[in-house]
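Report on one structure; see the data block that follows.
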Amino acid sequence: FCSSPSTTESLRPDGEHILTMEAQADGDARVLARLAAQVQAPSLLSAREAFASEVFNIPLFEVPPMLDVRPAEAYRAGHIVCAVSAPLEDGLDEARLLQRVVEHDEIWGWCLQHPFVVVYDEASSQRAQWLVGVLRRIVDGGNDGAERAPSPATPGARLLQRLSWQTRQVLLLRHADFFDQFGMCCSQGNGWDACAFFDELGPLPRCAAVHPRIFLAGRAVQLQEALLRRLGVTHLVVNADAWDVMDSTTGGGSRYMFSDRLADVSGMRYLKCDIPDVDEDADILPVLAGAAQFLQECAAQGGVALVKVHGLSRSASVACAFLMQSRGLSPESALDSLKAAGLGSLDERIIWWEALRGLRASAGQRKRALEDTAQPSNSVGQAAIAEATHG
């Protein structure tokens, strides 16, 4: 019809009405195409259930964005120190939710490069799923979120932009699971307590294993008494030197000066390892073997261990040695176990791979030697049995 106006006029005398109908049809087609694309295209935001150590290891010290959607009374009774209350009583009110998020952002800010954590309980599980939907619409730029968004000049609009640009994952966390394992990182009352909590304790170590409990500390973690008592630590594996043994301190054998060393905490057992922060050294293998045995003793006593041997990745080598000795894992499988606990930021280049492989080889040799000793297949063994029988 567009190619011949006269034909259009003769066939469709009501031209204005026909053009309006065509425009509407074209608009409907575009709307349908856009809706179909939204249905077919995967969301930019993923959401899944998380386990407690994964959230603990984000790490909490960097204060990840965290909303607690449980009832207000449950929040008052106990909440993760990083969690901001968006209580069940607010209902499915997006404007109220946004107000709470913006108010916190204006005072404290949100570290949106981390996963967005939604804390819930049985009573608020549906609200948690609703919140995921709200975040997904914001991130994907859906019309539902855009129509209600404030003007670009407002703090709320800027926060929505940051959410859409930076947030890519939501972790759903049952509060009871976290409280059972890391109750020392929870507090009571209506307030947001993260700043006071971390001002007192500083950065927290990462949790490498829950049963038995083993923490790994990076260089920024200070082994002060308040932190160790809060974590319930009973055994420590640390880098040290002869001065530390004499002075009851830790930190030797590294870049720390004497003034930076911390005094040992009374009532705790220390394994002090004089080991350099290098990739190859003859003492690394026996130190890893001894540390693994020390951690096995800690586990047998029901204790809580903390490992700080230079940095986080060197400390991970000690945890790998323990997992290899106690569970029969390969070095690679032991490291995979740590990653599964949420320690994905480890630098594999500075893991003591050579020493770990040597540790596995020596363990295999000992096993074969024990098996050979247990089989009395030669004449000497038979004679020994006969002598023991007749004696």
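- Across every non-hydrogen atom of Gly78 and His175, the tightest pair is O-NE2, 3.2 Å.
- Remark: Met268 CE to Glu225 CD distance equals 6.5 Å, nearest 0.5 Å.
- For the 3.5 Å distance criterion, the side chains of Asp244 and Thr250 fail to qualify, holding no donor opposite an acceptor.
- If you look at Phe294 and His235, their ring centroids are closer than 6.0 Å.
- Side-chain contact between Pro331 and Met324 is present, with heavy atoms from C-beta onward closer than 4.5 Å.
- Remark: side-chain polar atoms of Glu54 are not paired, donor with acceptor, to backbone N or O of Ala341 under 3.5 angstrom.
- In this structure, Val170 and Val118 have side chains that are in contact, with non-hydrogen atoms separated by less than 4.5 Å.
- Arg327 forms no cation-pi arrangement with Phe322, by the criterion of a distance under 6.0 Å to the ring centre and an angle within 45° of the ring axis.
- In this structure, the side chain of Asp105 does not engage the main chain of Val101 through any donor-acceptor pair within 3.5 Å.
- Between the CG atom in Leu44 and the CD1 atom in Ile138 there is a gap of 13.0 Å [rounded to 0.5 Å].
- When atom types are taken as modelled, the side chain of Tyr75 and the backbone of Ala83 share a donor-acceptor pair closer than 3.5 angstrom.
- Side-chain atoms of Asn57 do not come within 3.5 Å of backbone N or O of Pro59 as any donor-acceptor pair.
- Follow the hydrophobic side-chain contacts under 4.5 Å out from Val139 and you reach Trp130 in the same cluster.
- Formation of a donor-acceptor pair under 3.5 Å by the Ser317 side chain with backbone atoms of Trp352 is found in this model.
- Contact annotation: the side chain of Leu271 never approaches that of Val238 to less than 4.5 Å [non-hydrogen atoms, C-beta and beyond].
- With salt bridges taken as basic N to acidic carboxylate O contacts below 4.0 Å, one links Asp279 and Arg314.
- Hydrophobic clustering keeps Phe51 apart from Leu60 (ILVMFWY residues linked when any side-chain heavy atoms are closer than 4.5 Å, directly or through intermediates).
- None of Leu173, Asp193, Val117 except one satisfies the side-chain contact (heavy atoms from CB on, under 4.5 Å) rule with Ile80; the exception is Leu173.
- No option in Val84, Val63, Val102 other than Val84 meets the side-chain contact (heavy atoms from CB on, under 4.5 Å) test with Trp110.
- Residues Glu297 and Gln301 bring no donor and acceptor atom of their side chains to less than 3.5 Å of each other.
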Query raised in the report: Going through the distances and angles, do Leu295 and Gln325 end up as a side-chain contact (heavy atoms from CB on, under 4.5 Å)?
Result: CA-CA 10 Å; Leu295 292 177; Gln325 298 287 68; over 6 Å; no
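- Atom CH2 of Trp192 is separated from atom NE2 of His79 by 10.0 Å, given to the nearest 0.5 angstrom.
- Nearest approach of Pro115 to Pro64, heavy atoms of both residues: O-CB, 4.1 Å.
- Rounding to the nearest 0.5 angstrom, the gap separating the CG atom in Leu201 from the CD atom in Gln222 is 12.0 Å.
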Query raised in the report: Does the pair Phe197 and Ser187 meet the rule for a side-chain contact (heavy atoms from CB on, under 4.5 Å), with working shown?
Result: CA-CA 9 Å; Phe197 182 86; Ser187 62; over 6 Å; no
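- Using a 4.5 Å heavy-atom threshold, the side chains of Ile58 and Glu62 count as separate.
- What you find for Thr167 and Phe116 is that their closest heavy atoms are CG2-CB, 4.1 Å.
- Under the 4.5 Å side-chain heavy-atom criterion for Ile, Leu, Val, Met, Phe, Trp and Tyr, Val210 and Val237 are members of distinct hydrophobic clusters.
- One finds a salt bridge joining Lys339 and Glu348 here, because a Lys/Arg side-chain nitrogen approaches an Asp/Glu carboxylate oxygen to under 4.0 Å.
- With Thr234 contributing its side chain and Val304 its backbone, the two residues share a donor-acceptor pair below 3.5 Å.
- In this structure, Phe61 and Phe198 have perpendicular ring planes: the angle between them is above 60°, well past the 30° mark.
- Around the CZ atom of Phe179, the shell of radius 6.0 Å holds no more than 12 heavy atoms that belong to other residues, nucleotides or ligands.
- Inter-residue side-chain proximity for Leu88 and Val69 is flagged as unmet; no heavy-atom pair is nearer than 4.5 Å.
- Between Arg100 and Asp90 a salt bridge is recorded (basic side-chain N to carboxylate O distance below 4.0 Å).
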Report task. List the steps and the verdict of side-chain contact (heavy atoms from CB on, under 4.5 Å) for Ser248 and Tyr270. Result -> CA-CA 10 Å; Ser248 296; Tyr270 286 77; over 6 Å; no
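- With contacts defined as side-chain heavy-atom distances shorter than 4.5 Å, the pair Cys186/Val81 does not qualify.
- Val307 and Ser315 get closest at one heavy-atom pair: O-OG, 3.5 Å.
- Under the 4.5 Å side-chain criterion, counting only non-hydrogen atoms from C-beta, Arg70 is not in contact with Glu122.
- Other residues, nucleotides and ligands contribute only 12 or fewer heavy atoms inside 6.0 Å of the CD atom of Glu354.
- A side-chain donor-acceptor contact under 3.5 Å links Arg230 to the backbone of Met184.
- Panel note: side chain Arg213, backbone Gln181; a donor-acceptor pair is recorded below 3.5 Å.
- For the residue pair Asp121 and Ser124, a side-chain donor N or O sits within less than 3.5 Å of a side-chain acceptor on the partner.
- Residues Val221 and Leu227 meet the side-chain proximity criterion, which asks for heavy atoms closer than 4.5 Å.
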Report task. Please lay out, stage by stage, how Thr249 and Leu262 fare under the test side-chain contact (heavy atoms from CB on, under 4.5 Å). Result -> CA-CA 5 Å; Thr249 58; Leu262 294 174; over 6 Å; no
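- Every salt bridge (charged side-chain N to carboxylate O under 4.0 Å, His left out) that Arg76 has, sequence neighbours left out, goes to Glu73.
- The distance from atom CZ of Arg206 to atom OG of Ser345, rounded to the nearest 0.5 Å, is 4.5 Å.
- Leu98 and Trp165 are assigned to two separate hydrophobic clusters, defined by single-linkage of ILVMFWY side chains at heavy-atom distances under 4.5 Å.
- Summarising the local packing, CD of Glu49 is surrounded by more than 12 heavy atoms from other residues, nucleotides or ligands at distances under 6.0 Å.
- Hydrophobic clustering of Ile, Leu, Val, Met, Phe, Trp and Tyr side chains at less than 4.5 Å, counting indirect connections, keeps Leu236 apart from Val245.
- Looking at Arg127 and Glu89, no side-chain N of the basic residue comes within less than 4.0 Å of a carboxylate O on the acidic one, giving no salt bridge.
- The side-chain contact (heavy atoms from CB on, under 4.5 Å) test with His310 is passed by exactly one of Ile350, Val278, Ile275: Ile275.
- To the nearest 0.5 angstrom, Arg162 atom CZ is 10.5 Å from Ser164 atom OG.
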Report task. Give the intermediate values and the outcome of salt bridge (charged side-chain N to carboxylate O under 4.0 Å, His left out) for residues Arg219 and Asp277. Result -> CA-CA 12 Å; Arg219 297 184 189 276; Asp277 187 10; 2.7 Å; yes
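- The only option from Asp241, Asp264, Asp247 that meets the salt bridge (Lys or Arg N to Asp or Glu O under 4.0 Å) definition with Lys272 turns out to be Asp264.
- When the salt bridge (charged side-chain N to carboxylate O under 4.0 Å, His left out) test is applied to Asp347, the partners found at least two apart in sequence or on another chain are Arg349.
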